[in-house]
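Please read the structure below before turning to the comments.
In what follows, every chain begins at residue 1, and chains take the letters A, B, ... in the order their sequences are listed.
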There are 2 protein chains.
Amino acid sequence: MAENRRRHTRQLEVIWEAIKEGTSHPTADQIYEKVRSVIPNISLGTVYRNLQKLVGEGKLQVLTLDRTQHFDPTLERHEHFICEKCGQVYDVFVDAKEMILSSSLSHEGFTVSSHRLALYGFCKHCGK
Amino acid sequence: MAENRRRHTRQLEVIWEAIKEGTSHPTADQIYEKVRSVIPNISLGTVYRNLQKLVGEGKLQVLTLDRTQHFDPTLERHEHFICEKCGQVYDVFVDAKEMILSSSLSHEGFTVSSHRLALYGFCKHCGK
DNA sequence: TTTGATGCAAATCATTTGCATGGGT
DNA sequence: ACCCATGCAAATGATTTGCATCAAA
């Protein structure tokens, strides 16, 4: 597969190091700033291209909030909780249906006031 | 309240008429095109401003897909199903937890393969 | 008449892309 | 040497905004 003809570059290496651990759900720009302390002249475009690559390889998940992408290295199934005051994004390892059950459920200190759910798949006209 | 000092313009009227009924979840641009057949020289900016106004008044809900806003005049609580093949967005009036229960649940002809859930509220540090 | 709303164009923001050059294999 | 990846800058797409003018109240 294409994996074979993929080059191992320092920039990909450093970008991956910058996000592979951590739960802050950084944006491309935040990753760019962090990586710049190691490779000062790296370009934003390269950061975007490598993030795309990592997402394509399944090493990162993308969470789009407010038309801005956030990158998440946590692959196990989980949901996200966004604090409306501080904007912090938390990983929530509780079953989705459990979280939604009560809209004011206090779970580990979180007060859920609303949720946004989008289901993906194939509609009746497009078969499966 | 501000409601009082709000002017009733033809453009707002026509824009509202263009979306108040219907379940196609149009984008600002699609609404713009539709409205242009009635007011040819209306500007996109005006469409955006009036859509914002309607959202602010709670007459429309916003659904962001792929960094593009879609407007939804259906106010009763519901979820959204997006067909990955044709892109059509359907309103789903089934409880969220019921939809998520089975990731391959066949509901009225829909095959759900994945979902995206974001919970909003206040985290433990921000109190309630 | 007053002043909020409009039309138009320029500005923003996040992200993508074209292209000449550089570096991995 | 090949040719994929990079740096840079320009391009894109969606949405916002500044401003002079227009039109509701």
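The side chain to side chain donor-acceptor pair (under 3.5 Å) test applied to Q69(B) returns R67(A), not counting sequence neighbours. With sequence neighbours left out, the salt bridge (charged side-chain N to carboxylate O under 4.0 Å, His left out) criterion links E33(B) to R36(B). Under the ring pair (Phe, Tyr, Trp, His ring centres under 6.0 Å) criterion, Y32(B) pairs with no residue at all, not counting sequence neighbours.
The salt bridge (Lys or Arg N to Asp or Glu O under 4.0 Å) analysis of residues 11-27 of chain B, with sequence neighbours excluded, yields the pairs E17(B)-K20(B).
Among the atoms of the strands shown, base atoms are found under 4.0 Å from some heavy atom of L44(B). Residue-level contact check: N41(A) touches the backbone only, with heavy atoms under 4.0 Å from sugar-phosphate atoms and none from bases.
Going from atom CD1 of I42(B) over to atom P of dA9(C) covers 16 Å, rounded to whole Å. Look at CG on L51(A): it is 15 Å from P on dA14(C), rounded to the nearest Å. Distance OH (Y32(B)) to C1' (dT15(D)): 14 Å, rounded to an integer number of Å. Here dA14(D) presents its C1' atom at 13 Å from CD of Q30(B), a figure rounded to the nearest Å. Spacing between atom CD1 of I15(A) and atom C1' of dT6(D) amounts to 11 Å, rounded to whole angstrom units. Distance E57(B) CD to dA5(C) C1': 14 Å, rounded to the nearest Å. We find that CZ of R36(A) is positioned 12 Å from P of dG7(D), with the value rounded to whole Å. To the nearest angstrom, P of dG24(C) lies 12 Å from CD of E13(A).
Using a distance-only test at 3.5 Å, with no hydrogens or angles considered, a donor-acceptor pair links the side chain of S113(A) to the main chain of Y120(B).
Judged by closest nucleotide on DNA chain D, N50(A) is the one of Q69(B) and N50(A) placed further toward the 5' end. Closest-nucleotide positions on DNA chain C for R67(B) and L12(B) were compared, and the one nearer the 5' end corresponds to L12(B).
The side chain of Y48(A) contributes an N or O atom lying less than 4.0 Å from OP1 or OP2 of dT15(C). Side-chain N/O atoms of T46(A) include one lying less than 4.0 angstrom from OP1 or OP2 on dG7(D).
Clustering of Ile, Leu, Val, Met, Phe, Trp and Tyr side chains at separations under 4.5 Å leaves L75(A) isolated, with no partner residue.
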Reading 5' to 3' through nucleotides 19-25 of chain D, protein heavy-atom contacts under 4.0 Å coded B for base, S for sugar-phosphate only, - for none: ----BBS

Audit row: Q61(A), T74(A), side-chain hydrogen bond (donor to acceptor under 3.5 Å, both in side chains) steps and yes/no: CA-CA 7 Å; Q61(A) 275 194 239; T74(A) 301; over 6 Å; no

